[in-house]
Amino acid sequence: MLEKYNFTEIEKKWQQIWEKEDAFRVSEDPDKEKYYVLEMFPYPSGKLHMGHVRNYSIGDVLARFKTMNGFNVLHPMGWDGFGLPAENAAIKHNVAPADWTWANISDMQDQLKQMGLSYDWNREVATCHPEYYRWMQWIFIQFYKKGLAYKKESQVNWCPSCQTVLANEQVVDGCCERCKSPVGKKDLSQWYFKITDYADRLLQNLDTLDGWPTKVKTMQRNWIGKSKGALATFDVQDREEKLTVFTTRIDTIYGTTFMVLAPEYPDVIPMVEGTEYEAPVREYIDRCAHMTEIERTSTTNEKTGVFIGRYAVNPFTKKPMPIYISDYVLMGYGTGAVMGVPAHDQRDFDFAKKFDLEIIPVIDPQDPEVDVNDLKEACAAEGVLINSGEFSGMNNKEAIEKIALVAKERGIGEPTITYRLRDWLISRQRYWGTPIPMIYCEDCGWVPEKEENLPVMLPTDVEFTGKGESPLATSKTFADTVCPCCGKPAKRELDTMDTFLDSSWYFLRYTDARNTEQAFSKEKADYWMNVDQYIGGVEHAILHLMYARFFQMALYDLGLTSSEEPFQNLLTQGMVIKDGAKMSKSLGNVVSPAEIIEKYGADTARLFILFAAPPERELDWSDRGVEGSFRFLNRVYRMVYDFKANYEKAVPGEYEIRNDADRKLAYTLNYTIKKVTEDIGERFNFNTAISSIMELVNEMYKYREGDVNETLFACAIRTLVVLLAPFVPHVTEEMWEHLGYEGRAYAQSWPSYDPDALVKDTIEIVVQINGKNKAKIDIPGDATRDDMLAIAAEDETIRGLTEGKNVIKTIAVPGRLINIVAK
RNA sequence: GCGGCUAUGGCGGAAUAGGCAGACGCGCACGUUUGAGGGGCGUGUGGGAGACCGUGCCGGUUCAAGUCCGGCUAGCCGCACCA
């Protein structure tokens, strides 16, 4: 160890040693309690950013801390290797997506290794590796066999820029989640996963996920969007068609004055064919079809629509009512048909005003401020039914239950539940993804590839134009195959899978990453799963985290896993920002991890990022703050160096408390152990853990100015190095070695504290009069409530303060304060 | 519109079960070491001359409120014509 802190050399040295010693390799050990800590694996863009550094620093502290506490810790890392940027690079720079991706993986792996993260690299996975996507395809086939995968022709979200379809979840504010272009519609035959079959379980299980942030659970609940309601079926006058509506307010059915269908509603065209209404209806439908998602939803208030010339019959009142089509009714939710109750629904009210339709109030809110016969806006309040035949006079909450049941008896409806969640569209017209292992045979239809033929390899003779259909269509070798069923010539599916599939089970593959016979062995998965702590950005709250939950449930139903939920505890880290804004190239406020590591070292980068804010919060990057963390490490380094130089023979061991200074240091030392242990283990408050270690160091600096008890100080030095080890692994390893201790710092057991050292002889407490701090007195550390009051009663100062006053009440909190209420 | 989160010195943040608000760090000031600079070491640092006043605002509960309750305001995030 040099006199000066040379982080570059130290970090290189220890990274090499860890690699040579395969320090972080783990295997199943039934005698040890396991702990699985997982950070969301990165897309291999080629460059690590501060968000990654934060994510992996948090995970690494936890992994190292748990290891030191005797757990068998699984801490893996891998690559979400498939995705669009690789294809864009292919188009732009004429490099093969595979070459580009593997080069990036190699670069990023170097950068991760420079951070000194305790990964078991033997378990590294890359989703774009054939040995990974082989099992992805195998899982797809299992889902298909179970009826969870199906192909359907429908109108899909189409990103004109990415030239591919998008799942509902990937459309954000009407724009493509990735490239931000406005999303349009397209009719295509695509593969879907039946995630809606799991809607209720995905929702129900959220209640069991105590270790998840409520924010994420709420977002998922909203996304699943369960709503209880009823179906009601309306006949169409002079027609065979029947129109079924979904409503949460069946109690207002007597107030229905019109009916609205989504423009895409399948029965619309047959109902208008050959009538004078056909032309305007077709024109309206056409207009809607050409609108992007944004255009369609931007006209929030102004309702549009067309009367289709037909009348529906209200099943309760038997009254006919006009049928319209309007884009405010969505084909994708409920049944695509709604009953128009203008008196009690604002959208219906707006529509009725626009088309001059009748408004019939059927709920009286019994509010003197509301005149139901002259409504200025829809009245959604609860109340009593009026104008509702046999149900008039009933409370509307009661009516919601009752009318649905009556409808069921009469065969005109029934109670039901609807979800906002749609089935997951998984086909992508992309090259750089897992090929969908399905084959189309003229005779047999869609047939899965034989499992022994997996993986269906991505071809390399492909052209990238960035336009049109799937790039796999340009391969001369890929499409042609034989039917696995009948052996006749057949064609392969040319689309690839949404990359969110790849990341929906990688945590299972880590448990058995090198298995060539199975996706993962159930035994190993059962040993390591569930993930005890998952860490990542909140931007994955819906997409990834719900897809992964769905996969785990489906795999559970297939008997491949033993638990329905994959992630026991979830920590969503906050963003790293600078100057009050997200780091971005356009703002020019990006701080590159590589620069920081070069200037201050990985240990400083890790320490700062953990110290500056608690993990869930936003982290404001400060160059000054980084210097502070660097300064602290230098301060520790110097103290250890000086200690070794001045007290070469001092060894940690049983020490004697000779004086107050010794007692104070022993107290701080033990208190710090307690504090750091709790802050890391129970609260993930790494910032306060680090600040208490700083206090210990400050205390040690003061202590060494006086009469040094070598054994005690040696204990403090040793403990300091161990407590810092999870945060700053390189420099602590160097100091550990320099101090001449056995083994490696990372392999030490976590220290325990001596509760006796935390008992103080005297403590200072506050005396309040009427809740205001007035004095401080010293009392014995073990003083009871009565002792405290007795001491206070005899104290001169306090007597003076209460003199002439009438003491009404005294409160004493042991170890904290006394409050005297006096008039 | 609906739902969630946040609000504390010049700044990042601390106060874990209602009990000394501002730990720790940054910045700043001063002292010290040094030929000087840098660096180190140390002291001080919410406001106010003071009794006191101070955790976005108004009110409440309590002996005691940053913390609990009711009502606002602002900012951020998510969803949004969901019938």
Side-chain angles (χ1 to χ4, degrees), chain A residues 172-174 213-223 225-227 229 245-250 252 260 262 296-303 326-330 332-341 344-348 350-351 418-421 538-539 541-542 574-575 607-608 611-614 616-629 631-632 634-635 638 675 678-679 682-683 685 687-695 697-698 701-702 705 764-776 808-822:
Chain A
V172 177
D173 295 331
T214 39
K215 180 191 166 98
V216 174
K217 289 193 277 189
T218 306
M219 281 167 75
Q220 292 210 355
R221 272 191 199 105
N222 291 343
W223 192 264
K226 178 176 181 168
S227 70
V245 300
F246 170 74
T247 178
T248 53
R249 293 296 304 273
I250 191 82
T252 65
V260 194
R296 195 167 160 170
T297 52
S298 64
T299 53
T300 346
N301 301 317
E302 190 65 17
K303 295 279 181 285
S326 172
D327 63 0
Y328 85 89
V329 177
L330 310 172
Y333 183 77
T335 61
V338 304
M339 55 186 214
V341 186
H344 305 290
D345 181 284
Q346 191 57 43
R347 293 153 303 175
D348 297 346
D350 296 340
F351 195 82
T418 292
Y419 297 91
R420 206 187 80 109
L421 186 71
V538 74
E539 65 272 18
I542 296 173
M575 265 196 312
L607 187 72
F608 170 72
F611 175 63
E616 304 90 337
R617 286 256 284 251
E618 250 180 14
L619 185 149
D620 200 3
W621 185 270
S622 144
D623 294 333
R624 295 277 201 186
V626 181
E627 280 172 39
S629 294
R631 209 142 52 207
F632 170 71
N634 274 286
R635 208 164 136 81
R638 227 167 17 242
K675 172 91 176 139
E678 289 169 359
D679 282 356
E682 292 164 27
R683 306 202 304 152
N685 277 13
N687 55 333
T688 50
I690 293 167
S691 80
S692 69
I693 298 175
M694 288 173 169
E695 285 178 85
V697 171
N698 292 344
Y701 260 79
K702 270 184 215 152
E705 294 305 308
E764 192 186 56
I765 62 153
V766 168
V767 181
Q768 300 182 332
I769 311 281
N770 296 329
K772 298 206 189 306
N773 298 352
K774 291 289 178 185
K776 291 189 175 181
I808 299 163
K809 195 176 179 182
T810 49
I811 294 106
V813 182
R816 296 213 187 255
L817 56 60
I818 290 173
N819 188 11
I820 300 168
V821 186

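Below, read A as the first sequence line, B as the second, and so on, with proteins coming before strands; counting in each chain starts at 1.
Atom C1' of B/G25 sits at a distance of 28 Å from the matching atom of B/A65, rounded to the whole Å. To the nearest whole angstrom, the two C1' atoms, one in B/C26 and one in B/G13, are 10 Å apart. Taking the C1' atoms as reference points, B/C24 lies 15 Å from B/G9, given to the whole Å. B/A83 sits 33 Å from B/A7 when the P atoms are compared, rounded to a whole Å. Comparing the same atom, P, in B/G37 and in B/G50 gives a spacing of 35 Å after rounding to whole Å.
With both pairing distances under 3.5 Å, B/C72 is matched to B/G56 as a Watson-Crick or G-U wobble pair. Pairing of B/U61, defined by two Watson-Crick or G-U wobble distances under 3.5 Å, is not identified with any nucleotide. The partner of B/C26 is B/G10, by the rule that a Watson-Crick or G-U pair needs both atom distances under 3.5 Å. B/A51: no Watson-Crick or G-U partner with both key distances under 3.5 Å is found in any strand. In this structure, B/G1 and B/C79 make a Watson-Crick or G-U wobble pair, each of the two defining distances being under 3.5 angstrom. Partner assigned to B/A17 is none, using Watson-Crick or G-U wobble distances below 3.5 angstrom. B/G39: Watson-Crick or G-U partner is B/U33, with both key distances under 3.5 Å.
Using a distance-only test at 3.5 Å, with no hydrogens or angles considered, no donor-acceptor pair links the side chain of A/D350 to the main chain of A/E302.
Put simply, OG1 on A/T418 and CZ on A/F246 are 3.5 Å apart, with the number rounded to the nearest 0.5 Å. For the atom pair CG of A/N687 and CZ of A/R617, the computed distance is 9.0 Å after rounding to the nearest 0.5 Å. A/D348 contributes atom CG, which lies 4.0 Å from atom OH of A/Y328 (distance to the nearest 0.5 angstrom).
Listed nucleotides: B/A83, B/C24, B/A7. Nearest to the side chain of A/V338: B/A83. Comparing B/G19, B/C53, B/C24 against the side chain of A/Q768 picks out B/G19 as the nearest. Among the nucleotides B/U16, B/G42, B/G13, the one closest to the side chain of A/R635 is B/G42. Closest to the side chain of A/S691, out of B/C24, B/A83, B/C20, is B/C24. Residue A/L330 places its side chain closer to B/A83 than to any other of B/A83, B/C53, B/G12. Between B/G19, B/A14, B/G78, one nucleotide has an atom nearer to the side chain of A/T688 than all others, and that is B/A14. Looking at the side chain of A/N773, the nearest of the listed nucleotides B/C81, B/A21, B/C41 is B/A21. In this structure, of B/A14, B/G42, B/G19, it is B/G19 that holds the atom nearest to the side chain of A/I811. Among the nucleotides B/A83, B/C79, B/G25, the one closest to any side-chain atom of A/R420 is B/C79. Nearest nucleotide to the side chain of A/T247, out of B/C20, B/A83, B/G42: B/A83.
Contact check for A/R635 versus A/N698: side-chain heavy atoms found under the 4.5 Å cut-off. At a threshold of 4.5 Å between non-hydrogen side-chain atoms, the residues A/V538 and A/K215 count as touching. Here the side chains of A/V821 and A/I811 are in contact, with some heavy-atom distance below 4.5 Å.
Contact annotation: A/Y701 side-chain N/O to B/C41 OP1/OP2 distance is under 4.0 Å. For the pair A/R631 and B/G27, the criterion of a side-chain N or O lying under 4.0 Å from OP1 or OP2 is met. One finds no side-chain N or O of A/K675 lying less than 4.0 angstrom from the OP1 or OP2 phosphate oxygen of B/A15. Side-chain N/O atoms of A/R221 include none lying less than 4.0 angstrom from OP1 or OP2 on B/G78. Residue A/N222 places no side-chain N or O under 4.0 Å from the OP1 or OP2 atom of B/C2. Look at A/R816 and you won't find any side-chain N or O under 4.0 angstrom from OP1 or OP2 of B/G18. Dashed line: the shortest gap from a side-chain N or O of A/K809 to OP1 or OP2 of B/C63 is under 4.0 Å. Residue A/N698 has no polar side-chain atom (N or O) positioned under 4.0 Å from OP1 or OP2 of B/G42.
With no hydrogens or angles considered, no side-chain donor-acceptor pair links A/N222 and A/R420 at under 3.5 Å.
When rounded to the nearest whole Å, the span between OH of A/Y333 and C1' of B/C79 equals 13 Å. Here B/G13 presents its C1' atom at 11 Å from CZ of A/F608, a figure rounded to the nearest Å. Atom CD of A/Q220 and atom P of B/C77 are 20 Å apart (whole Å). Taking atom NZ on A/K215 and atom C1' on B/C79, their separation rounds to 11 Å, with Å as the unit. Note: CD1 (A/I542) to P (B/A80) measures 8 Å, nearest angstrom. Rounded to an integer number of Å, the gap from A/W223 CH2 to B/G78 P is 12 Å. Between A/L619 atom CG and B/A14 atom P the separation is 11 Å, expressed in whole Å. With rounding to whole Å, A/M339 atom CE is found 12 Å from B/A83 atom P.
Within 3.5 Å, a donor on the side chain of A/K776 pairs with an acceptor on the base of B/C20, or the reverse. A/N819 contributes a side-chain N or O that forms a donor-acceptor pair with the base of B/C63 under 3.5 Å.
Residue A/K226 is classed as having no contact, given no heavy-atom separation below 4.0 Å to the nucleic acid. Using a 4.0 Å heavy-atom cutoff across all strands shown, A/S622 reaches no nucleic acid atom at all. Within 4.0 Å (heavy atoms only), A/R624 reaches sugar-phosphate atoms of the nucleic acid but no base atom.
In this structure, A/N685 and A/D348 both approach RNA chain B, and ranking their closest nucleotides by distance from the 5' end singles out A/N685. Projected onto RNA chain B by closest heavy-atom contact, A/P614 and A/G625 fall at different nucleotides, the more 5' of which corresponds to A/P614.
An anti orientation is assigned to B/A15, its glycosidic angle lying beyond 90° of 0. Taking the syn range as angles within 90° of 0, the glycosidic angle of B/G46 is outside it, so the base is anti.
Across all non-hydrogen atoms, the minimal contact from A/N819 to A/G771 is OD1-N, 3.0 Å.
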